[in-house]
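First the structure, in the form of structure tokens, and then the observations on it.
Here, residue 1 is the first one in the sequence, and each next residue gets the next number. This one's a predicted model, so the numbers in the text were calculated from it and none came from an experiment.
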Amino acid sequence: MGKIIVVDEDDLRRIIREILSENKAISHDSISENRTEQDELFTSLEDIAGLFNCSLPTAQKIKNSIPKDSYRQCGKTFGIRKSILLNTNEELNKYKYNKNN
């Protein structure tokens, strides 16, 4: 048979706070471990041009080559993860190399 524990309201609130703070600390640690430099967010063509050391029109072409469902854009403002940019650039380089041969 199970045991029944009787606690007053203050003890119950303290227990709940402790559990929530432990879970928050655990989830915060796991999130920070999963984040890497690859998750850096690029929000301007200047950022993209700086990453690839290219001109702004070339940065626009790189941005346009990314599938629309891979990033968010609202008006002129957009946000693209660095990992998506690097993967797309690798695919473009493979395409150019195969096209020339």
Side-chain angles (χ1 to χ4, degrees):
M1 290 190 62
K3 296 181 181 180
I4 297 177
I5 300 173
V6 179
V7 295
D8 63 355
E9 184 178 349
D10 293 331
D11 287 338
L12 182 60
R13 287 178 190 225
R14 180 184 52 78
I15 292 168
I16 291 173
R17 266 191 238 113
E18 288 175 2
I19 292 171
L20 290 176
S21 65
E22 288 173 6
N23 287 341
K24 185 177 179 181
I26 290 170
S27 65
H28 181 49
D29 290 342
S30 64
I31 289 171
S32 62
E33 288 173 6
N34 290 337
R35 291 193 179 190
T36 62
E37 291 181 8
Q38 297 292 329
D39 288 339
E40 185 179 352
L41 195 63
F42 286 76
T43 57
S44 69
L45 291 176
E46 289 83 9
D47 293 342
I48 296 172
L51 176 66
F52 295 113
N53 197 22
C54 63
S55 65
L56 290 177
T58 303
Q60 181 68 46
K61 291 176 187 176
I62 292 171
K63 179 185 156 284
N64 291 343
S65 68
I66 298 171
K68 302 295 184 212
D69 61 343
S70 298
Y71 67 93
R72 297 281 186 208
Q73 183 164 356
C74 182
K76 293 183 178 182
T77 306
F78 64 89
I80 304 174
R81 275 192 246 116
K82 183 177 181 180
S83 59
I84 293 172
L85 284 169
L86 294 176
N87 290 338
T88 302
N89 189 45
E90 288 173 6
E91 291 173 13
L92 288 174
N93 286 338
K94 288 178 187 176
Y95 174 75
K96 287 179 184 178
Y97 179 74
N98 290 334
K99 186 177 178 181
N100 292 334
N101 289 334

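Closest approach of C54 and I62 over heavy atoms only: SG-CD1, 4.2 Å. The nearest pair of heavy atoms linking A49 to S55 is CB-O, 4.1 Å.
Summarising the local packing, CG of N64 is surrounded by more than 12 heavy atoms from other residues, nucleotides or ligands at distances under 6.0 Å.
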Intermediate values then yes/no, side chain to side chain contact (heavy atoms under 4.5 Å, CB included), E9 and R14:
CA-CA 9 Å; E9 184 178 349; R14 180 184 52 78; over 6 Å; no

Check step by step if side chain to side chain contact (heavy atoms under 4.5 Å, CB included) holds for L41 and I80.
CA-CA 6 Å; L41 195 63; I80 304 174; 5.7 Å; no

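A donor-acceptor pair is defined here as one N or O able to donate and one able to accept, closer than 3.5 Å; such a pair exists between the side chain of N87 and the backbone of S83.
Counting heavy atoms from C-beta on, the side chains of I66 and Y71 come closer than 4.5 Å. You'll find the side chain of F42 stays beyond 4.5 Å of the side chain of R81, heavy atoms only. No side-chain heavy atom of E18 sits under 4.5 Å from any side-chain heavy atom of R13. Here the side chains of F78 and I48 are in contact, with some heavy-atom distance below 4.5 Å. L45 has its side chain out of reach of P57: every pair of non-hydrogen atoms, C-beta onward, lies at least 4.5 Å apart. Under the 4.5 Å side-chain criterion, counting only non-hydrogen atoms from C-beta, T77 is not in contact with T43.
Taken from CG in D47 to CG in L51, the straight-line distance is 9.0 Å, to the nearest 0.5 Å.
L12 and I19 are not part of a single hydrophobic cluster, where members link through side-chain heavy atoms under 4.5 Å apart.
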